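Both backbone and side-chain heavy atoms feed into the values below; hydrogens, waters and symmetry mates do not. Counting convention: from 1, in listed order, for ligands and their atoms alike. In this text the structure is predicted, and so the values were computed from the model without any measurement.
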Amino acid sequence: MNRRHLLTACAAAGLLASASLAQAQEKFRIGLILPMSGPFASTGKQIEAAARLYMAQHGDTVGGKKVELIVKDDTSAPDVTKRIAQELVVNEKVQVLAGFGLTPLALATAPIATQSKTPLVVMAAATSSITEASPFIIRTSFTLPQAAVAMGDWAPKNGIKTAVTLVSDYGPGIDAEKYFKDRMEFNGAKILDTLRVPMRNPDFAPFLQKVRDLKPDAVYVFVPSGIGAPLMKQFAERGLDKAGIRLIGTGDITDDDILNGMGDVALGVVTSHHYSASHNSALNKKFVEAFQKANGGLRPNFMAVGGYDGMRVIYEAAKATKGGSGQALLDAMKGQIFESPRGPMFIDAQTRDVVHNIYIRKVEKVGGQLFNQEFATLKDVKDPGKTK
Ligand code: PHB
């Protein structure tokens, strides 16, 4: 090889080396936007912990790229969520937007996903219509109609012929009210009244008094994760349990994050939901153990599972597309089937929404701690809000 050839070869080798260096440094960025402060901070804490656990277990390189998780606090204010999402897309060039602790936060951000063609993975929010707000939205949490219809079937078969609904006055509460009421009435039961409480800082007392006066067999409740404890306390203080009124609802009111601190007043509460920390599977036992070990004993709730499964969907799509983005990444998220700590689940390719089992559970003491003990299973429940 003469000198000129040698130089050319060296230059080519240098180019190759710098290309592969650039590749090694290429990032796969996930923008995780969560309420990390305020009344819904527990949702942010649970989801961030679950996302970090997933990364610790599955490595921080996927599809040949280094995963960078960018966590931002939106303080549960929709305009803040939207602004952060815009900054993450434009400045940080994230391939995925994820998180979304409340319905209004997901809805406010949907146009950003559509305009920038960025897949948006909803890990928490649960109003049925969210997935229809953008063709770039995928959901790994759950929907309220899934849970509400299951209870509307179970309750009348178990001695509940009259009920009053008591829900937070926004998307998921209105979904829970509508689908529970319709199903109860379809099954021949009566809804005596439909009560809505403010979503933030609710004072349940006057509503619970109203329920007491109406004397239904049960009160059916939805409040978002994080604020179920005062409801439970006031239910007992108002003497509704002593008046023979049963408390039923979605699993949000017996949230695993705070259930153990609610005390014996929670015993016997029946709820329908997609996840319990005591779900009996090898995978869930492993998940709960690892989560608690990494988080000072904190028990994972359904928010954590939505976050953990969301990371699974993102990782597998990144693998399939070699760290891709946009439509290709979205398409690789659709139709994923896998075992979650909640049980079997899949992402319906048509609706981009989660399909999973709904369990009927009762709060019981197990080894001195309160758990939602699953005792009946409805398999592969699609969102009833999508079949119309
Ligand atoms: C929601 O805002 O969609 C939401 C939040 C917390 C829940 C369920 C739904 O527990």
Aromatic ring centroids of His356 and Tyr275 under 6.0 Å? no

Counting N and O atoms only, with roles assigned by atom type, does the side chain of Gln234 sit under 3.5 Å from a partner on the main chain of Ala205, one being a donor and the other an acceptor? yes

Enumerate the atoms of ligand 1 whose separation from the nearest heavy atom of [X] is less than 4.0 angstrom.
{"X": "Ser225", "result": "6 (C), 7 (C), 10 (O)"}
{"X": "Phe222", "result": "8 (C), 9 (C)"}
{"X": "Phe302", "result": "10 (O)"}
{"X": "Leu102", "result": "1 (C), 2 (O), 5 (C)"}
{"X": "Met303", "result": "6 (C), 7 (C), 10 (O)"}
{"X": "Ala125", "result": "1 (C), 3 (O)"}

Heavy-atom distances under 4.0 Å decide this one: backbone, side chain, both or neither, for Asp252 against ligand 1? side chain

Which bit of Phe100 is near ligand 1, meaning a heavy atom under 4.0 Å away: side chain, backbone, both or neither? neither

Among all protein heavy atoms, pick the one closest to [atom] and tell me residue, atom and distance.
{"atom": "atom 4 (C) of ligand 1", "value": "Tyr170 OH, 3.6 Å"}
{"atom": "atom 3 (O) of ligand 1", "value": "Thr103 OG1, 2.5 Å"}
{"atom": "atom 6 (C) of ligand 1", "value": "Pro224 CB, 3.4 Å"}

So which atom in Ser276 and which in Arg361 form the shortest heavy-atom distance, rounded to 0.1 Å? CB-NH1, 3.8 Å

Please state whether Gly101 comes within less than 4.0 angstrom of ligand 1, counting heavy atoms only. yes

Answer yes or no for Phe40: is there a heavy-atom contact with ligand 1 below 4.0 Å? no

Considering the options Leu144, Thr143, Val167, which one meets the side-chain contact (heavy atoms from CB on, under 4.5 Å) requirement together with Asp175? Leu144

Worked check of side chain to side chain donor-acceptor pair (under 3.5 Å) between Gln373 and Ser278: CA-CA 7 Å; Gln373 294 297 97; Ser278 69; 2.7 Å; yes

Do you see a donor-acceptor pair shorter than 3.5 Å between the side chains of Thr131 and Lys386? yes

Examine the side chains of Thr140 and Arg312 and answer whether a donor and an acceptor come within less than 3.5 Å of each other. no

Cation over ring, Arg299 on Phe371, under 6.0 Å and within 45°? yes

Quick check on side chain to side chain donor-acceptor pair (under 3.5 Å): which of Asp252, Thr250, Asp257, Asp255 does Ser225 satisfy it with? Asp255

Evaluate Pro172 for polar contact with ligand 1, using N/O atom pairs at a separation under 3.5 Å. no

